[in-house]
Amino acid sequence: MKTVMIRILLTFTFLNLSGLPLGAQAEGEDESQWTSQLKNQFFGDRPISEDHETIEITAPYRAEDPALVPIQITSKFPQTGAQFIKKITVIIDHNPTPFSASFEFTQESGKADIATRMRVNAYTYIRAIAETNDGKLHMAKAFVKASGGCSAPIGTDSEDAKARFGKMKFKFDQDKPTLGSANPVQLLISHPNITGMQMDQITRMIQPAHYVTDVNVSFDGKPVLTVKGDIALSTDPNFRFYFAPQKAGELHVDIKDNLGQQFSANQSVNP
Amino acid sequence: MRDLAPEAPSRSSPMPSLAKSLLSPLKALSLLIGGFCHLGFSSETLAEALPIKAVAEGVYVHQGSHLFPNPQNHGEIANIGFIVGNHCVAIIDTGGSQEEGQRLKAAVKATTQMPICYVINTHVHPDHIYGNRAFKAPGVQFVGHYRLAHAMAMRAPYYLSQAKDQLGLTLSAEDFVPPDIEVHDTLDLDLGGRTLHLMAHPRAHTDNDLSIFDATSETLWLGDLLFMGHLPVIDGSLLGWLKTIDQLPSITAKRVIPGHGPITALWPLALAGEKRYLESLAHDIRAAQKANKTIEQAMNEIGLEHRADWQLFDDFHRRNIASGFAELEWEDPSPEPPLKNPGRSNP
């Protein structure tokens, strides 16, 4: 009873300080944002087939941590001269910035698979749209229940995280890569990837966005993976992909963030 | 009504010590008026007192329940309570809603005539701080880890946006009451013939964990540095938490009060379950990373043998793995064998 008046007062003083839509979005598996706007915005009137013969996407139906949602895109065929995937674009319908990342592959990639971790702000479809070398578009999608991934506080103000800012490392699955076949490799980037949506309630200041926009991985000067990133990439962006070395050489990565900061790293590959 | 007046701007005062000295006459006054000052706010006495139990003389705890926070329970799930001295009372954590805070306040009033002088928050999580607002009054000082105010500030917008859907609560910025007194390392609070030793910990369960040791009853109040029954939830650092768990037993205490679990337990035996789980998590994540397993594989495979030992396992375990995995990826590599100087021997 005594709380009634308090609740009413609270209701009046309530402010949506985050400027974000409150809470989770539509409960149902809503396609409207995609069909009415996003599809046209990113792909115009090009036909997109959901053929299940090009790529698959795997994501948890319920995201335990909305700021760290593992997403895996698997291609159904190797990258050959006759048939390969040029580009995969990831769109998260109900994120504040639906464009989440794009990944360009080459024949040096061996296989156009990509796994990464993303922020998911609402109940939403996550879509991967692959463009094959014949110019056709193929889509796979997964529905994810998450909320608040983009505005969730990030724990990267620790001294450790500051000290390793910009550091990168490659990790191979095997001790030695196999020549002439697609080898899995992981790229770890130490970067807070601040969305610009985390606010300091005392100063009422938004932490300025600070995120990785470009990742270019090459092997012996030939592009393997080119990523365009946005705020959906989780803190400490992490990519698993393939590369197919024909001989010993050097794996190289350059990254750039939205504030123009650049970092690079090398890893020699000696089968 | 008056403790609903917006007071957030006063937070900008850069001199908490000045505020403290200004407050002390008020505190003295509230000591004088003692138990009958609440008559002026009779509406509050309508709140039904929260069930509490004494675990030692003057140490009272309300036992939370192992539930996932939702709109039905409003996140009123944590162990909260208070310690009574000869002059005044220290609240330790205020509960998951302003209403739970009011009920805790009613429990204090039903227990003692002493006024409340301190409200201590063990960390930033909603089930421990959302009752703060119920205690705002002249003479009451809020106490927390020095990173608590920052953590509240950073989380408030997110917490506000989630409160309605996830907790069925309508909150405003005024529901985040930051500390007046910040603990950097250790701090003693005098309740009159009873001293509480507060200790600010490095990043563990969160980055703003504070523990309270009541010297009189030799009771250690750990907040969520200690989970029993309810699966430990990592929101700070897996490795940091393990380090803290290794250091805590140097405190000699007769009993411990966990943030979630029974209202009192044997010390330091009570740490064993949490330590076993977190150690095994760190071990298995390192092994998975060494075997080049992915975060998805780790989340699916690791630690399932602990499932029967904990409540809310399915709600938090996979998330713990994800968070630990991301942390351990950047762990400094364990010292490599000295390949470059094979002739050199270790001392």
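Values below: every heavy atom of this structure, side chains too, minus hydrogens, waters and symmetry copies. So that the names make sense, note that chain A is the first sequence line, chain B the second, and so on, each numbered from 1.
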_Would you say the rings of His123(B) and His145(B) are close, in the sense that their centroids are separated by under 6.0 Å?_
no

*When the aromatic ring centroids of Phe165(A) and His191(A) are compared, is their separation below 6.0 Å?*
yes

*asked:* Less than 4.5 Å to any heavy atom of chain A: does that hold for the side chain of Thr206(B), its backbone, both, or neither?
replied: neither

*asked:* Does any backbone or side-chain atom of Gln289(B) lie under 4.5 Å from a heavy atom of chain A? Answer side chain, backbone, both or neither.
replied: both

*Checking Asp315(B) against chain A: side chain, backbone, both or neither under 4.5 Å from a heavy atom?*
both

*Does the ring center of His125(B) lie less than 6.0 Å from the ring center of Tyr130(B)?*
no

*chain B interface, residue from Asn238(A), Leu188(A), Leu68(A) that has the most non-hydrogen pairs under 4.5 Å*: Leu188(A)

*Strictly under 6.0 Å, is that where the ring centroids of Phe316(B) and Phe68(B) end up?*
yes

